[in-house]
Student: 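Would you mind keeping the following structure in view while I ask a few things?
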Amino acid sequence: FSLEISDRILESILALDKEARKKEDFRVLEKGLQYALSVFAAFLPEEGFELFKKYGEVKDLSIDKIIKSNMTKARLTKKYPEKTAEILTLLEQE
(Lines give C-alpha, C1' and ligand atoms only; values in the text may rest on other atoms or scores of the structure.)
Protein backbone atom coordinates (compact mmCIF):
# COMPACT_ATOMS: atom_id res chain seq x y z
CA PHE A 1 0.00 0.00 0.00
CA SER A 2 2.75 2.47 0.93
CA LEU A 3 4.50 2.00 -2.41
CA GLU A 4 1.24 2.41 -4.32
CA ILE A 5 0.52 5.70 -2.54
CA SER A 6 4.12 6.81 -3.08
CA ASP A 7 3.74 6.09 -6.78
CA ARG A 8 0.63 8.28 -6.91
CA ILE A 9 2.34 11.07 -5.00
CA LEU A 10 5.41 11.00 -7.27
CA GLU A 11 3.14 11.01 -10.31
CA SER A 12 1.30 14.06 -8.96
CA ILE A 13 4.59 15.87 -8.36
CA LEU A 14 5.29 15.66 -12.09
CA ALA A 15 2.16 17.73 -12.73
CA LEU A 16 3.22 20.55 -10.39
CA ASP A 17 4.60 23.78 -11.78
CA LYS A 18 7.65 25.60 -10.41
CA GLU A 19 5.59 27.92 -8.22
CA ALA A 20 3.83 25.04 -6.47
CA ARG A 21 7.19 23.41 -5.80
CA LYS A 22 8.41 26.52 -3.98
CA LYS A 23 5.66 26.35 -1.36
CA GLU A 24 6.34 25.16 2.17
CA ASP A 25 3.89 22.26 1.97
CA PHE A 26 5.73 20.87 -1.05
CA ARG A 27 9.10 21.20 0.69
CA VAL A 28 7.74 19.26 3.68
CA LEU A 29 6.40 16.54 1.37
CA GLU A 30 9.72 16.40 -0.48
CA LYS A 31 11.67 16.00 2.78
CA GLY A 32 9.37 13.23 3.93
CA LEU A 33 9.71 11.36 0.65
CA GLN A 34 13.49 11.69 0.83
CA TYR A 35 13.32 9.52 3.93
CA ALA A 36 10.20 7.36 3.70
CA LEU A 37 10.65 5.70 0.31
CA SER A 38 13.79 3.90 1.47
CA VAL A 39 11.89 2.55 4.49
CA PHE A 40 9.18 1.17 2.21
CA ALA A 41 11.74 -0.24 -0.23
CA ALA A 42 13.70 -1.94 2.55
CA PHE A 43 10.55 -3.87 3.43
CA LEU A 44 9.67 -4.70 -0.21
CA PRO A 45 12.94 -4.32 -2.11
CA GLU A 46 11.84 -5.71 -5.47
CA GLU A 47 8.81 -3.43 -5.71
CA GLY A 48 10.69 -0.52 -4.14
CA PHE A 49 13.54 -0.64 -6.62
CA GLU A 50 11.06 -0.92 -9.48
CA LEU A 51 9.52 2.33 -8.27
CA PHE A 52 12.95 3.98 -8.01
CA LYS A 53 13.83 2.84 -11.51
CA LYS A 54 10.52 4.06 -12.94
CA TYR A 55 11.00 7.54 -11.55
CA GLY A 56 14.76 7.57 -12.07
CA GLU A 57 14.04 7.49 -15.79
CA VAL A 58 11.70 10.51 -15.62
CA LYS A 59 14.38 13.23 -15.35
CA ASP A 60 12.59 15.67 -13.06
CA LEU A 61 14.73 17.69 -10.64
CA SER A 62 12.45 17.22 -7.62
CA ILE A 63 11.96 13.51 -8.27
CA ASP A 64 15.68 13.02 -8.87
CA LYS A 65 16.43 14.71 -5.54
CA ILE A 66 13.97 12.44 -3.72
CA ILE A 67 15.28 9.26 -5.34
CA LYS A 68 18.94 10.20 -4.89
CA SER A 69 18.43 10.91 -1.20
CA ASN A 70 16.84 7.49 -0.71
CA MET A 71 19.73 5.80 -2.52
CA THR A 72 22.13 7.09 0.14
CA LYS A 73 20.29 5.52 3.08
CA ALA A 74 22.23 2.76 4.82
CA ARG A 75 19.11 0.59 5.01
CA LEU A 76 19.43 0.23 1.22
CA THR A 77 23.13 0.73 0.50
CA LYS A 78 24.25 -1.98 2.91
CA LYS A 79 21.78 -4.65 1.81
CA TYR A 80 21.46 -3.74 -1.87
CA PRO A 81 24.67 -2.01 -2.99
CA GLU A 82 24.35 -3.14 -6.62
CA LYS A 83 20.75 -1.97 -6.91
CA THR A 84 21.43 1.40 -5.31
CA ALA A 85 24.43 1.91 -7.60
CA GLU A 86 22.28 1.03 -10.61
CA ILE A 87 19.67 3.63 -9.67
CA LEU A 88 22.30 6.29 -8.99
CA THR A 89 23.84 5.59 -12.40
CA LEU A 90 20.42 5.94 -13.96
CA LEU A 91 19.96 9.32 -12.28
CA GLU A 92 23.29 10.54 -13.66
CA GLN A 93 22.36 9.74 -17.27
CA GLU A 94 20.90 12.50 -19.38
Side-chain angles (χ1 to χ4, degrees):
F1 176 77
S2 59
L3 288 171
E4 289 176 28
I5 295 300
S6 298
D7 187 20
R8 291 181 195 165
I9 293 169
L10 291 170
E11 188 69 35
S12 68
I13 288 173
L14 294 173
L16 294 176
D17 61 22
K18 287 184 178 185
E19 288 304 310
R21 294 177 189 215
K22 292 179 183 178
K23 294 181 180 180
E24 182 65 19
D25 56 348
F26 177 78
R27 286 193 292 249
V28 171
L29 174 66
E30 187 177 52
K31 287 275 188 193
L33 290 172
Q34 288 175 9
Y35 172 84
L37 295 180
S38 62
V39 174
F40 306 151
F43 186 71
L44 292 170
E46 188 172 318
E47 296 88 341
F49 280 99
E50 285 178 26
L51 183 74
F52 291 136
K53 184 176 180 183
K54 174 182 176 180
Y55 286 98
E57 294 174 343
V58 170
K59 305 305 175 207
D60 176 271
L61 291 176
S62 297
I63 301 289
D64 288 355
K65 183 178 177 182
I66 292 166
I67 302 300
K68 187 173 185 177
S69 178
N70 281 280
M71 291 300 101
T72 63
K73 304 297 185 220
R75 69 182 65 84
L76 296 182
T77 60
K78 288 184 178 183
K79 288 185 177 180
Y80 313 102
E82 299 85 18
K83 290 184 178 191
T84 55
E86 178 185 334
I87 300 298
L88 287 170
T89 300
L90 182 63
L91 291 171
E92 294 170 359
Q93 296 174 355
E94 291 186 37

Student: Inspect the surroundings of CD1 in Ile5 and state if more than 12 heavy atoms from other residues, nucleotides or ligands are less than 6.0 Å away.
Tutor: yes
Student: When rounded to the nearest 0.5 angstrom, what distance separates CD in Glu57 from CD in Gln93?
Tutor: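 The CD atom of Gln93 is 8.5 Å from CD of Glu57, to the nearest 0.5 Å.
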Student: Is there side-chain contact between Leu10 and Val58, with heavy atoms separated by less than 4.5 Å?
Tutor: no
Student: Looking at every non-hydrogen atom in both residues, tell me the closest pair between Met71 and Ile87 and how far apart they are.
Tutor: SD-CB, 3.5 Å
Student: State the NZ-CG distance between Lys22 and Asp17, to the nearest 0.5 angstrom.
Tutor: 9.5 Å
Student: For side-chain hydrogen bond (donor to acceptor under 3.5 Å, both in side chains), just list the numbers for Asp60 and Tyr55, CA-CA rounded to whole Å, side-chain angles, deciding distance to a tenth of an Å, and then say yes or no.
Tutor: CA-CA 8 Å; Asp60 176 271; Tyr55 286 98; over 6 Å; no
Student: Quick one: do Arg27 and Glu24 satisfy salt bridge (Lys or Arg N to Asp or Glu O under 4.0 Å)? Show the steps, please.
Tutor: CA-CA 5 Å; Arg27 286 193 292 249; Glu24 182 65 19; 3.0 Å; yes
Student: Thr84 versus Phe52: any side-chain heavy-atom pair under 4.5 Å?
Tutor: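 Not in contact.
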Student: State, to 0.1 Å, how close Arg21 and Leu16 come at their nearest heavy-atom pair, and which atoms those are.
Tutor: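 Taking Arg21 first and Leu16 second, the nearest heavy atoms are NE-O, 3.2 Å.
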Student: So does Ile66 get a backbone contact from the side chain of Ser69, meaning a donor-acceptor N/O pair under 3.5 Å?
Tutor: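 Looks like no, no N/O pair under 3.5 Å.
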Student: What pairs of donor and acceptor atoms, side-chain ones from residues 38-50 against any protein atom, are under 3.5 angstrom apart with sequence neighbours left out?
Tutor:
from	atom 1	to	atom 2	distance (Å)
Ser38	OG	Tyr35	O	2.8
Ser38	OG	Asn70	OD1	3.3
Ser38	OG	Arg75	NH1	2.5

Student: Which heavy atom of Lys73 sits nearest to which heavy atom of Gln34, and what is that distance?
Tutor: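 Heavy-atom minimum between the residues: CE-O, 3.4 Å.
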Student: Quick check on salt bridge (charged side-chain N to carboxylate O under 4.0 Å, His left out): which of Lys68, Lys23, Lys65 does Glu30 satisfy it with?
Tutor: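 Going through Lys68, Lys23, Lys65 one by one, the salt bridge (charged side-chain N to carboxylate O under 4.0 Å, His left out) with Glu30 is satisfied by Lys65 alone.
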Student: Can you tell me how far NZ of Lys31 sits from CG of Leu33, rounded to the nearest 0.5 angstrom?
Tutor: 12.0 Å
Student: When rounded to the nearest 0.5 angstrom, what is the spacing between CD1 in Ile67 and NZ in Lys53?
Tutor: 13.5 Å
Student: Between Ser2 and Ser6, which heavy-atom pair has the shortest distance, and what is it?
Tutor: O-OG, 2.7 Å
Student: Nearest 0.5 angstrom please: Lys54 NZ to Asp7 CG, how far?
Tutor: 3.5 Å
Student: List the steps, then state whether salt bridge (Lys or Arg N to Asp or Glu O under 4.0 Å) holds for Glu86 with Lys83.
Tutor: CA-CA 5 Å; Glu86 178 185 334; Lys83 290 184 178 191; over 6 Å; no
